[in-house]
Protein chains: 2
Amino acid sequence: MSFFPAALETLIEKFAMLPGIGRKSAQRLAFFVLSLPEGEAESFAAAILDARGNVRCCSVCQNLTDAEVCPICASDKRDKSVICVVAEPRDVVSFERGREYNGVYHVLHGVLTPMNHIGPDDLRISELVSRVAAGGVEEVIMALNPDTEGETTALYSSRLLKPFGVKVTRLAYGIPVGSNLEFADDATLSRALEGRVEM
Amino acid sequence: MSFFPAALETLIEKFAMLPGIGRKSAQRLAFFVLSLPEGEAESFAAAILDARGNVRCCSVCQNLTDAEVCPICASDKRDKSVICVVAEPRDVVSFERGREYNGVYHVLHGVLTPMNHIGPDDLRISELVSRVAAGGVEEVIMALNPDTEGETTALYSSRLLKPFGVKVTRLAYGIPVGSNLEFADDATLSRALEGRVEM
């Protein structure tokens with residue numbers, strides 16, 4: 001049973017459909033939208049349509065972009081011989097924020113998750129293989145999350161890439177900088193010990 | 001510095017503007033909108049425009065509605081001689097869910113909050129006074145939150161209403177049903193003791 005006007009109820013339902021937003025939060029958000037100054041609600045709606053209509057995947061690296069090729073792939077200052085493979089577009093942002101990495105990326109848009117029926121065909125793995133097959137790539141860095149799905153995906157992809165004679169690496173596992181040994185979990189500690197380097 | 005396409009960045013900013021939504025959540029929501037099936041994003045945008053365009057305040061009780069007068073005020077089954085005064089439209093929903101109350105409502109759209117410069121003119125108090133002045137009202141129930149702002153607002157309103165010879169009441173304070181005495185705070189306990197009734 002609904003106690004709100006139909007239009008408000010619809011908006012609440014739309015907000016409640018978003019991830020991490022429950023019915024109560026959706027109500028609060030909908031009330032906020034109603035209280036927005038003239039024009040703001042319109043520009044919110046326009047932003048949804050605009051993002052949905054204009055954002056697509058870069059034809060090279062599959063990252064989100066509003067052009068045919070994303071600025072990173074289009075830049076001639078980036079080293080095209082190194083490809084950093086990430087699961088999501090937001091991971092690209094994490095690397096770019098560091099301003100350390102100068103290669104290019106490849107966004108898989110997910111990881112292999114048999115539990116949720118996400119197989120190789122649901123990811124952009126074949127696009128990665130094509131890129132490497134086209135030549136000019138010397139190293140592929142697997143920068144996926146250090147969990148079962150991420151490691152499986154990295155292993156699966158690296159097996160497909162090895163035949164092309166490319167070097168496949170993964171990020172180092174270890175103690176996060178600025179953290180405390182006391183709070184490091186066993187798995188991380190054992191990986192850090194395994195990967196120890198000479199000083 | 002932005003690493004996302006402009007259209008996506010705009011959508012993230014719009015989501016981040018919502019109450020309780022930080023930058024990270026806004027990113028997640030924006031990505032979710034991008035992943036919506038064809039037509040869903042459009043209907044989301046349409047819901048915002050529709051709610052914003054068609055939802056207004058009932059000319060009688062100031063509750064949100066899509067008609068000139070809300071269904072509760074328009075119903076001839078409701079007792080128009082009792083007005084329950086609430087701060088927000090969602091409070092009406094709380095009462096209606098209980099199906100116990102058969103009177104009508106008056107939504108103030110806030111409470112007096114001098115700290116945030118919200119005074120009597122920012123609320124729908126004058127509309128309440130006009131309703132009572134028009135006659136036919138026997139009782140006004142103040143159902144505002146039991147905090148400083150709520151009590152101040154209730155007190156202020158009741159002083160304006162008293163001259164019309166109307167009975168002004170407030171909700172009972174006490175132990176919530178189903179709760180545990182052990183966890184009741186001092187203020188609640190003392191109010192519950194004060195308002196004790198004979199069995």
Side-chain angles (χ1 to χ4, degrees), chain A residues 1-15 17-21 24-25 27-36 38 40-56 58 63-67 70-72 88-90 92-97 99 109, chain B residues 1-15 17-21 24-25 27-36 38 40-56 58 63-67 70-72 88-90 92-97 99 109:
Chain A
M1 194 155 89
S2 152
F3 302 103
F4 292 121
L8 179 56
E9 195 60 44
T10 309
L11 183 58
I12 294 174
E13 272 164 28
K14 293 291 169 194
F15 273 120
M17 163 192 85
L18 297 174
I21 307 285
K24 285 262 173 181
S25 303
Q27 266 185 32
R28 205 179 56 223
L29 298 182
F31 279 125
F32 179 80
V33 168
L34 285 187
S35 74
L36 282 176
E38 194 65 35
E40 265 297 318
E42 283 75 8
S43 81
F44 188 5
I48 291 176
L49 295 177
D50 190 36
R52 173 70 207 196
N54 294 330
V55 177
R56 58 179 120 171
C58 167
N63 191 9
L64 296 176
T65 177
D66 41 15
C70 77
I72 295 176
E88 301 290 348
R90 60 172 168 266
V92 172
V93 177
S94 303
F95 278 102
E96 287 299 291
R97 212 184 293 122
R99 297 168 194 230
H109 290 273
Chain B
M1 194 154 90
S2 151
F3 302 102
F4 291 120
L8 179 55
E9 195 60 46
T10 309
L11 184 57
I12 293 175
E13 273 164 28
K14 294 290 170 194
F15 273 120
M17 166 190 82
L18 298 175
I21 306 285
K24 285 262 172 183
S25 304
Q27 266 184 32
R28 205 179 58 222
L29 298 181
F31 280 124
F32 179 80
V33 168
L34 286 186
S35 74
L36 282 177
E38 194 65 35
E40 265 296 318
E42 283 75 6
S43 80
F44 188 5
I48 291 177
L49 295 177
D50 191 35
R52 173 70 209 200
N54 295 328
V55 176
R56 58 178 119 171
C58 167
N63 192 10
L64 296 174
T65 176
D66 42 14
C70 77
I72 295 176
E88 302 290 347
R90 60 173 169 267
V92 172
V93 176
S94 304
F95 278 102
E96 287 299 290
R97 212 184 293 120
R99 295 169 197 230
H109 290 274

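Note: hydrogens, waters and symmetry copies are ignored here, and every other heavy atom, side chains too, is used. Below, chain A is the first sequence line, B the second, and so on; all start at residue 1.
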Peer 1: Ring centres under 6.0 Å, that's the criterion: do B:Phe31 and B:Phe4 meet it?
Peer 2: yes
Peer 1: Between B:Pro71 and chain A, which part of the residue has a heavy atom less than 4.5 Å away: side chain, backbone, both or neither?
Peer 2: neither
Peer 1: So what's closer than 4.5 Å to chain B heavy atoms on A:Ser43: side chain, backbone, both or neither?
Peer 2: both
Peer 1: Going through the checks in order, is the side chain to side chain contact (heavy atoms under 4.5 Å, CB included) test met by B:Ile72 and B:Val92?
Peer 2: CA-CA 10 Å; B:Ile72 295 176; B:Val92 172; 4.1 Å; yes
Peer 1: Is chain A contacted by the side chain of B:Glu42, its backbone, both, or neither, given a heavy-atom distance below 4.5 Å?
Peer 2: both
Peer 1: Go through the atoms of B:Ile21 and report whether side chain, backbone, both or neither lie under 4.5 Å from a heavy atom of chain A.
Peer 2: side chain
Peer 1: Is there a side-chain contact between B:Thr10 and A:Asp50 (heavy atoms, below 4.5 Å)?
Peer 2: no
Peer 1: Looking at B:Gly20, B:Ala30, B:Ala47, which one has more heavy-atom pairs under 4.5 Å with chain A than the rest?
Peer 2: B:Ala47
Peer 1: Using non-hydrogen atoms and a 4.5 Å limit, figure out which bit of A:Val33 sits close to chain B: side chain, backbone, both or neither.
Peer 2: both
Peer 1: Does the side chain of A:Leu11 come within less than 4.5 Å of B:Val55's, by heavy atoms?
Peer 2: no
Peer 1: Select, from A:Asn63, A:Leu64, A:Ile12, the one with the greatest count of heavy-atom pairs under 4.5 Å involving chain B.
Peer 2: A:Leu64
Peer 1: Does any backbone or side-chain atom of B:Phe44 lie under 4.5 Å from a heavy atom of chain A? Answer side chain, backbone, both or neither.
Peer 2: both
Peer 1: With side chains defined as the heavy atoms from C-beta onward, is the minimum distance between A:Arg28 and A:Lys24 less than 4.5 Å?
Peer 2: no
Peer 1: Using every non-hydrogen atom in the two residues, find where A:Pro19 and B:Leu29 come nearest and quote the distance to one decimal.
Peer 2: O-CD2, 3.5 Å
